[in-house]
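In what follows, a structure is listed as structure tokens, so that the remarks can point back to it.
Naming convention: chains lettered A, B, ... in sequence-line order (proteins, then strands); numbering from 1 in each chain.
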Amino acid sequence: MRAQTSLPAVGIAFLLLTGTLVVGVLSAEAALRGADRQALDRRAAVGLSETLVRAEAPVTERQNVLNESALANLTATDLRNRYGLPQEASVRITLDGRTLVTDGPPKNGITFERTVLLERSRLRTLEPSFEGTRSVTIPRRTTSLNLTLRPPVNTTMRTVRVNGRVRLHNASGLNGTYEVPVTTVETARLRFEAVGPLSDGSVVIRYEPVRTEKGRLAVTVDG
Amino acid sequence: MDRGQLPLTIIEAALGVLLLVGVAVTFALGVPAAPTQEAQLDVYAADAATLLANEPPRHGEETRLRELVASVSAFEREGPELARRVERVLPPNVLFRVETEYGTVGHRLPAGVPTGTATVTTTEGTVTIRVWYA
């Protein structure tokens with residue numbers, strides 16, 4: 001009699017316990033897997049950001065100095081094949097809040113921020129007018145100057161000096177395009193020594209000064 | 001006696017359910033949070049150190065950091081300017097301190113905050129950059 005009445009209770013108790021056990025195991029599994037995934041995402045994000053700013057990376061000039069045009073050509077395929085991003089992970093890379101690459105897109109994931117410098121070079125042209133002087137000071141420092149010398153017909157340009165040192169010399173006259181290496185340690189001051197008049201357009205100087213700007217590269221990876 | 005038997009089993013089952021729920025809750029809460037913050041701070045410090053270490057000096061020596069630790073007078077001359085530079089390099093929500101053998105520049109380090117550290121070794125001495133969230 002006693003066993004008879006408690007049988008339904010035992011059944012209910014078993015059901016309850018089994019149900020709770022199943023729910024408990026499932027939630028524990030989910031929690032552990034979530035923690036694993038977060039660790040993996042973090043490692044992937046750190047690794048990817050580290051590879052992107054390395055001195056050897058295709059998008060950098062030096063360590064932590066990015067080349068902006070190379071960065072603009074970056075694709076998600078590059079990230080997977082060359083920068084060690086896991087194949088199935090979704091990714092977003094932003095520079096100062098502007099999205100460069102997005103694939104997935106990641107729903108949450110882990111974000112890592114890097115402080116970088118952006119290097120921009122822009123071609124500038126200088127045409128000295130040679131009014132009262134035959135010297136030109138290059139306004140910004142650069143590593144190389146491209147000189148196009150087209151002196152007037154009755155003028156012989158013999159020498160070009162950079163900060164007093166002879167860089168180009170031809171006794172019978174310079175005419176054409178020349179590359180003159182200069183240093184960024186001092187401001188370049190060019191002096192053109194010619195027999196005869198020089199005017200607008202006799203000399204065209206092209207140079208590419210480099211400007212660096214601070215930027216913030218954010219890498220988000222969601223595995 | 002006969003009536004008391006049935007609730008006893010139910011009470012036992014309820015206790016078992018409580019125990020299992022307790023274990024499950026421990027799993028849900030007890031998984032340690034990933035130390036993303038510290039890793040990010042270390043990265044900030046390392047990036048700032050890299051950028052400063054590659055910057056040209058303002059007066060002498062080879063790099064800016066080497067110039068800083070060249071002598072006491074060099075440190076006093078370059079320190080404030082370096083602090084301004086570090087402040088510009090780091091994100092606005094991060095505070096910093098630069099430690100050298102001649103002294104420190106930057107903010108006062110509060111107790112008990114997670115920090116990120118990067119050390120640069122130069123031929124003149126070492127420079128340590130410590131950062132933390134404001």
(request) Quick one: do Arg114(A) and Val43(B) satisfy side-chain contact (heavy atoms from CB on, under 4.5 Å)? Show the steps, please. (result) CA-CA 7 Å; Arg114(A) 306 292 306 221; Val43(B) 165; 3.4 Å; yes
(request) Could you tell me which of Val25(A), Val53(A), Thr20(A) has the largest number of non-hydrogen atom pairs under 4.5 Å with chain B? (result)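 Max contact count across the listed options: Thr20(A).
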(message) What's the separation between atom CD in Glu12(B) and atom CG in Leu16(A), rounded to the nearest 0.5 Å?
(response)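 Going from the CD atom of Glu12(B) to the CG atom of Leu16(A) covers 13.0 Å.
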(request) Write out, in numerical order, the residues from residues 125-134 of chain B with a heavy atom short of 4.5 Å from a heavy atom in chain A. (result)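 Residues of residues 125-134 of chain B touching chain A at under 4.5 Å: none.
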(message) Report, in residue-number order, which members of residues 89-113 of chain B are under 4.5 Å from chain A by heavy-atom distance.
(response)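 So far as heavy atoms go, Val89(B), Leu90(B), Pro91(B) are the residues that approach chain A to under 4.5 Å.
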(request) Check whether any side-chain heavy atom of Thr115(A) sits under 4.5 Å from a side-chain heavy atom of Leu51(B), and report yes or no. (result)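 The answer is yes; the side chains approach within 4.5 Å.
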(message) For Ser49(A), which atoms come within 4.5 Å of any heavy atom of chain B: side chain, backbone, both, or neither?
(response)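 No part of Ser49(A) comes within 4.5 Å of chain B.
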(request) Under 4.5 Å heavy-atom distance to chain B, tell me which part of Val46(A) shows up: side chain, backbone, both or neither. (result)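 Contact with chain B: none, neither part.
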(message) Going by the rule ring pair (Phe, Tyr, Trp, His ring centres under 6.0 Å), which residues pair with Tyr44(B) if we only count those two or more places apart in sequence or in a different chain?
(response)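 Listed in chain order: nothing, the list is empty.
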(request) Look at the side chain of Gln40(B) and the backbone N and O of Glu113(A), then say whether any donor-acceptor pair between them is shorter than 3.5 Å. (result)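 Looks like yes, one N/O pair under 3.5 Å.
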Around atom [atom1] of [X], are there more than 12 heavy atoms of other residues, nucleotides or ligands at under 6.0 Å?
X        : atom1 : value
Phe14(A) : CZ    : no
Arg54(A) : CZ    : no
Arg43(A) : CZ    : no

(message) For Arg124(A), give me all partners under salt bridge (charged side-chain N to carboxylate O under 4.0 Å, His left out), at least two apart in sequence or on another chain.
(response)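 Residues passing salt bridge (charged side-chain N to carboxylate O under 4.0 Å, His left out) with Arg124(A): none at all.
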(request) Decide side-chain contact (heavy atoms from CB on, under 4.5 Å) for Val116(A) and Asp47(B); before the verdict, give the C-alpha distance in whole Å, the side-chain angles of both, and the deciding distance to 0.1 Å. (result) CA-CA 7 Å; Val116(A) 293; Asp47(B) 281 349; 5.7 Å; no
